[in-house]
Amino acid sequence: MEPSTSQTEMLARHRAVIPNWVALYYEHPISIVRGEGCYVFDGDGKRYLDFFGGILTTIAGHGIPEIQEAIRAQTEKIAHLSTVYLCEPMVELAEKIASLSGIEGAKVFFTTSGTEATDTALLLSSLYRQSNQVLAVRNSYHGRSFTAQAITGNRSWSSTSFAGLQVNFVNAARRRGVPFACFEEDEFRAASVADLRDVIATATAGDVACFIAEPIQGVGGFTYAPNGLLGDFKEVLDEYGILFVSDEVQTGWGRTGENFWGYQAHNLTPDVITFAKGVANGLPLGGVITRPEIMDCLKANSISTFGGNPIACAAALATIKYLEDNDLQTNSLKMGDRLSHGLQSIADDHPWIAEVRGKGLMQALETENPDTYEPLTAATSAFHEETKQRGLLVGKGGLWGNSMRITPPLSVTEDQIDQAIEIFADAADAVADKL
Ligand SMILES: Cc1ncc(COP(=O)(O)O)c(C=O)c1O
C-alpha cells in the first residue's frame, strides 16, 4: 500500500536534514506515532505488532503504566541535576544493578548510550592494563563512536579503524560461512580456543587490555558462540591478565530467557559489563559495571552530564521492578520457545530459510540459496517488506544483511506470538513465489 501524503512529506523532511547514513527500514519508511503494549501505530493509524521494540529497547512493552507513573513522578520533582550532586535514583539504581551483576563489590558508571558504555569500558581497560591492545570478535558491533568503530568486526557497520587502538579479531560467534563451519560443536570450541591462543601469541605484545564480546551478536544477526566457549576463552585470558568485557547491551535483563545476562551461558564472571537499550524501557541510559579497582583506576576527573539522569534512572528502576514482578525472564523463555518452534516449522517448508537460531525472545532467521549457499540478501529484504505489509515489524541484520531479527517485548503473549507466526508463514509463501 502506498503511504499517505503526510508520511511521504515526513520522509522528505527527514531526508533533507538527517544524515544519509542513518538508514531507514522499508521501501516506504513508516513514521510511528504511538505505542501500546506489543503494538505500535503509524501516522496513518495502521497497527503493527512490534517485534523489534526500537532495537530491543522497549523490553517491557509500550506505555506500561507502572513505568509511565515512575517517569511522571520524577519529572514533577526534578528533571536534571548532573553528576556533581547526590542523586538518589542514580545511587539506588547503581545499588540494584551492582547486586544483579554477579561482579563482587561492583561499581556502576552511567552513560546515555551503549556506545558511550563501550567507550568507557575501553578507556578503563586500557588505563588499568596500560595497553592500547584489544581483542574483539569477528562480526561484532559495539557502537558508533570513534573507538567503538575500531572494534567493529562487521564490514557494513565499520566506517573507520583510525582510532589509536591495536585491535585483533578472533573467531567465536559466527558459525556459518567461516573456516571452522565444518566443525561439530566440540571441535569448533577447541579450534576457536586454539585460534585465540595463536592470535595472542602471534599478533599481540601479550599485554592486551581487554577482550570484548557480545554473548549473542546483535547487529551480526544473533549469531553466538556455543555455550561455555567464552568461559574457555576467559581461562586463556586470565593467564595473561586480559580483562573480559561482556557487552550485554542486547542480551541483558532476561532477554535470552535462560539467564538474566548473556554471559551466564558461559560459566564465567566478566571483569566488566556494559549495558544500555532495555534498561530504562526506551529512555536513554547505558552504563558500565566493574570491580572497584578497575573502575577507580581512572585518576582524572570524569563525568557524564546526562548519564545517570534522574528521570532515566527512575524509569530504569521501574522497568527492572516490572520485569522482576512479572517474571518476564521466564515469559521470555516460554514465548521464545513457542516462537522458535513456529519459525522452525516455516523454515522446514522453505529450504531458503537456512537457519532459525536464538535464545529466549532474541530469535533470528538466516536465508541462503540452498544450492549455492550464497546469502539471499534481496530475498531477506523482500521477506522484511512482506511482514511489514501484513502488520508485523521485525529487524534485519547479519554480515550480509540476510538475517531477520525478531525481538518482541518480554511481555508478549501466546496469542501475539501465534499472530506473528501466521504472518511470517504468509510472508514466506509470498517471497517463495518470487524466488
Ligand atoms: C551489542 C551492542 N553494543 C553497543 C551498541 C551501541 O549502543 P547505542 O546505539 O545505544 O550507542 C549496540 C547498538 O546497537 C549494540 O547492539
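Just so you know, ligand 1 is whichever comes first in the structure, and atom 1 is the first atom listed for that ligand.
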**Prompt:** If you measure from OG1 on T152 to CZ on R144, what distance do you get to the nearest 0.5 Å?
**Reply:**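 That separation rounds to 11.0 Å.
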**Prompt:** What residues, two or more places apart in sequence or in another chain, satisfy side chain to side chain contact (heavy atoms under 4.5 Å, CB included) together with P179?
**Reply:** none
**Request:** Report the residues that fulfil salt bridge (Lys or Arg N to Asp or Glu O under 4.0 Å) with D238, sequence neighbours left out, ordered by chain and then residue number.
**Result:**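 For D238, the residues satisfying salt bridge (Lys or Arg N to Asp or Glu O under 4.0 Å) (neighbours in sequence not counted) are K234.
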**Prompt:** Are K321 and D325 within salt-bridge range, i.e. N to O under 4.0 Å?
**Reply:** yes
Review item, side-chain donor-acceptor pairs of residues 377-387, under 3.5 Å, at least two apart:
| unit_1 | atom_1 | unit_2 | atom_2 | d |
| --- | --- | --- | --- | --- |
| T377 | OG1 | W400 | O | 2.7 |
| T380 | OG1 | T367 | OG1 | 2.7 |
| T380 | OG1 | L376 | O | 2.6 |
| S381 | OG | K396 | NZ | 3.2 |
| H384 | NE2 | V394 | O | 2.8 |
| E385 | OE2 | E27 | N | 2.5 |
| E386 | OE1 | R390 | NH1 | 2.7 |
| E386 | OE2 | K434 | NZ | 2.6 |
| T387 | OG1 | F383 | O | 3.3 |
| T387 | OG1 | H384 | O | 2.7 |

**Request:** Establish, yes or no, whether a centroid distance under 6.0 Å links the rings of F275 and W253.
**Result:**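 Yes, the ring of F275 comes within the 6.0 Å limit of the ring of W253, centre to centre.
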**ligand 1: protein residues within heavy-atom distance under 4.0 Å** = S113, G114, T115, Y141, H142, G143, E214, D247, V249, Q250, K277
